[in-house]
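Worksheet for the structure shown next.
Keep in mind it's a predicted model, so treat the numbers as computed, not measured.
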Amino acid sequence: MRDRNLTGPWAGFSFKAGRLVTPEGRELEPQDLAWLSLTAAQAQEWRRMMESGRAIGKPRKPLSFNAASVVKLSDALAQRRETRSSVVMAGPDAEPPAAVLPVPGPKRRQRV
């Protein structure tokens, strides 16, 4: 396959050495595109839902977002390990705490 730049709505994308290059310069290999169809289908469905909401004429309230933070998975797992290891285990003959006692629920039907 020869290297080439795409035009029209694909302007900015190109093919280089058998890879699709995005306008941001990210090179995608064929195996990287395995889920592209699913992602595109989700985007199309989202667009359809938004358009149908506008067509109905529902008043839209502004979107609000909370500030997000990046969480390192290794830190989260270490914190979880710490939390679990700090829990004191009771002996085998200890009474369960009152808050954990089973609450009676509906009774099973019995054959007569």
Side-chain angles (χ1 to χ4, degrees):
M1 174 185 283
R2 66 174 201 208
D3 296 351
R4 65 182 231 171
N5 293 324
L6 301 175
T7 60
W10 292 95
F13 286 88
S14 62
F15 284 103
K16 177 182 173 185
R19 298 176 184 196
L20 177 65
V21 182
T22 67
E24 300 83 23
R26 181 170 291 159
E27 293 185 9
L28 303 171
E29 296 180 356
Q31 63 268 21
D32 298 333
L33 301 175
W35 293 98
L36 186 59
S37 175
L38 176 59
T39 304
Q42 289 174 329
Q44 290 167 351
E45 183 61 27
W46 177 261
R47 238 185 336 269
R48 277 194 289 273
M49 286 176 17
M50 294 297 107
E51 288 170 0
S52 69
R54 277 189 228 115
I56 295 172
K58 293 180 182 176
R60 291 187 289 170
K61 55 183 190 180
L63 297 175
S64 63
F65 298 98
N66 295 331
S69 61
V70 176
V71 177
K72 286 187 175 180
L73 183 57
S74 59
D75 294 345
L77 291 175
Q79 185 178 6
R80 179 183 281 180
R81 265 187 248 114
E82 269 182 35
T83 304
R84 286 185 178 171
S85 66
S86 67
V87 174
V88 178
M89 299 299 288
D93 58 344
E95 291 291 321
V100 183
L101 292 175
V103 177
K107 294 185 179 185
R108 293 182 54 187
R109 292 184 185 183
Q110 294 181 346
R111 286 187 159 172
V112 184

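Phe13 places none of its side-chain heavy atoms less than 4.5 Å from the side chain of Val21.
Of the inter-residue distances, the one linking Leu20 atom CG with Leu6 atom CG reads 7.0 Å to the nearest 0.5 angstrom.
Listed for the Asp75 side chain is no donor-acceptor partner under 3.5 Å among the backbone atoms of Lys72.
Every residue two or more places apart in sequence or in another chain was checked for a side-chain hydrogen bond (donor to acceptor under 3.5 Å, both in side chains) with Gln42, and none qualifies. The side-chain hydrogen bond (donor to acceptor under 3.5 Å, both in side chains) test applied to Arg48 returns Glu45, not counting sequence neighbours. Among residues two or more places apart in sequence or in another chain, the side chain to side chain contact (heavy atoms under 4.5 Å, CB included) test is passed with Asn5 by Ser14. For Arg26, the side chain to side chain contact (heavy atoms under 4.5 Å, CB included) partners two or more places apart in sequence, or in a different chain, are Thr22, Leu28. Residues forming a side chain to side chain contact (heavy atoms under 4.5 Å, CB included) with Trp35 (at least two apart in sequence, or on another chain): Leu38. Not a single side-chain hydrogen bond (donor to acceptor under 3.5 Å, both in side chains) links Gln44 to another residue, sequence neighbours left out.
For Gln79, the CD atom sits in a loose shell: 12 or fewer heavy atoms of surrounding residues, nucleotides or ligands are nearer than 6.0 Å.
When all heavy atoms of Gly18 and Pro30 are compared, the pair lying nearest together is O-CD, 4.1 Å.
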